[in-house]
Protein chains: 2
Amino acid sequence: MGAVTSNAISIGELSRLSGVSPHTLRFYEAEGVLKPAGRAANGHRRYRREDVLWLEFVLRFKVTGMPLAEIRQYAVLRAQGEKTLQPRLTMLKLHRERLVTKINELSTCAGVLDDKIRTYRKMIAKSRVPAKKAAK
Amino acid sequence: MGAVTSNAISIGELSRLSGVSPHTLRFYEAEGVLKPAGRAANGHRRYRREDVLWLEFVLRFKVTGMPLAEIRQYAVLRAQGEKTLQPRLTMLKLHRERLVTKINELSTCAGVLDDKIRTYRKMIAKSRVPAKKAAK
DNA sequence: TTAAGAGTTGGAGCTCACTCGATGTCAAGA
DNA sequence: TCTTGACATCGAGTGAGCTCCAACTCTTAA
């Protein structure tokens, strides 16, 4: 049975798994968003289950528009252990607020967009009817 | 009473009104997002009511994450008049779809975030209780 | 033995959306 | 007359977030 290897995966596998290119994964590591990955004997990066979970968390942050710098800040706190629970909670709450605001903003825009679409449909319908009448 | 002036505003006024810097307004014009503004006798840009409304529309597109290139594309169609109603409607519908998808995605993330916040609160509460007991 | 394929590094380059700086014109007010 | 302030143009610079390239090392399979 494999000794140290256990269930660690390569950068290529993580890339396929996460949809993030190997380039970008290394870039994230350089930026301090991902902690320096463990290495195999040949120097290749080895990602473990917890690394995959953290990446998923990071991607959720990203999707919600958090800038990398802020994600890194959170990552740094996390690396410092339990004593930073409070500041991390503060960051999460703040981000939650922004997220709710953003969702509301987008919903408003979606409403306006719907109105616009309805108007367009009507305009297109009207511009077609006279043509039919004329043809009659 | 003022003749041609009517209710046209300067770039500075539009900037204050919209929260977009004069630099950026000129940049938008150069990019074809805003149509070339009318000019006063001295060469200064004069924006009219319809220009302000169009800018508002553009900003709503922007807020919802539409890239400038796409907004310009819409602007170009609009400038071509009634005959482009159909392609514009198509663009609006497509964008609506993306917007709805985005809103759902964000809502999911908000849910996950809420869970995380709850977990953090519990962890913080637990890390406090033993300290109190020890002090007793 | 050679070639392919997956990884490594460092650094340059790219896109997007601004943002700024230099330089100039013009009109109004002290 | 001189200064201030708002505007103009043009081109360069910025920052975020990748994305690609060159050159190299290993391992494995033909």
Side-chain angles (χ1 to χ4, degrees), chain A residues 2 4-5 8-48 51-52 55 57-76 95 98 102, chain B residues 2 4-5 8-48 51-52 55 57-76 95 98 102:
Chain A
V4 197
T5 332
I9 60 173
S10 73
I11 197 167
E13 283 163 323
L14 181 57
S15 172
R16 255 160 271 138
L17 216 74
S18 62
V20 177
S21 78
H23 273 304
T24 302
L25 289 171
R26 285 188 279 258
F27 168 74
Y28 283 173
E29 186 176 314
E31 292 294 299
V33 164
L34 305 181
K35 71 166 200 283
R39 298 297 174 118
N42 59 8
H44 289 194
R45 287 174 178 78
R46 291 287 139 197
Y47 296 95
R48 294 183 304 125
D51 300 320
V52 179
L55 177 59
F57 187 62
V58 163
L59 292 181
R60 225 179 315 265
F61 267 162
K62 267 201 52 58
V63 145
T64 57
M66 188 185 277
L68 284 190
E70 210 165 312
I71 301 179
R72 175 183 49 226
Q73 198 191 323
Y74 186 94
V76 167
H95 188 58
R98 289 190 306 198
K102 186 76 187 170
Chain B
V4 197
T5 330
I9 62 173
S10 72
I11 196 167
E13 284 162 323
L14 181 57
S15 171
R16 256 160 271 139
L17 215 76
S18 62
V20 177
S21 79
H23 271 305
T24 302
L25 288 172
R26 284 189 280 257
F27 167 75
Y28 282 173
E29 185 176 315
E31 292 294 299
V33 163
L34 305 181
K35 72 167 201 282
R39 299 297 174 117
N42 59 7
H44 290 193
R45 287 173 179 78
R46 291 286 139 198
Y47 296 95
R48 294 184 302 125
D51 300 321
V52 178
L55 177 60
F57 187 62
V58 164
L59 292 180
R60 224 181 312 268
F61 267 162
K62 269 202 51 58
V63 146
T64 58
M66 189 185 275
L68 283 191
E70 209 164 312
I71 302 179
R72 175 183 48 226
Q73 198 190 324
Y74 186 93
V76 167
H95 188 58
R98 288 192 306 201
K102 186 76 187 170

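Letters go in sequence order (proteins before strands), and every chain restarts at 1.
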Item to complete: Mark up nucleotides 5-23 of chain C, 5' to 3', with B wherever a protein heavy atom is under 4.0 angstrom from a base atom, S wherever such an atom reaches only the sugar-phosphate, and - elsewhere.
Response: --SBB-------SBBBB--
Discussion item. Quick check against the 3.5 Å criterion: does A:Glu13 have a side-chain atom that pairs as donor or acceptor with the backbone of A:Ser10?
Written reply: yes
Worksheet entry | Sidechain N-carboxylate O distance under 4.0 Å for A:Lys35, A:Asp51 | yes
Item to complete: Check whether any side-chain heavy atom of B:Leu34 sits under 4.5 Å from a side-chain heavy atom of B:Arg26, and report yes or no.
Response: no
Worksheet item: With a 4.5 Å heavy-atom cut-off, do B:Phe27 and B:Leu68 have their side chains touching?
Response: yes
Discussion item. Ring-plane angle category for B:Phe57 and B:Tyr74, please: parallel below 30°, perpendicular beyond 60°, tilted otherwise.
Written reply: tilted
Worksheet entry | Length of the line joining A:Phe61:CZ and D:dA16:C1', which is rounded to integer Å | 18 Å
Fill in: Protein-nucleotide distance (B:Ile9, atom CD1; D:dA6, atom P), rounded to Å
15 Å
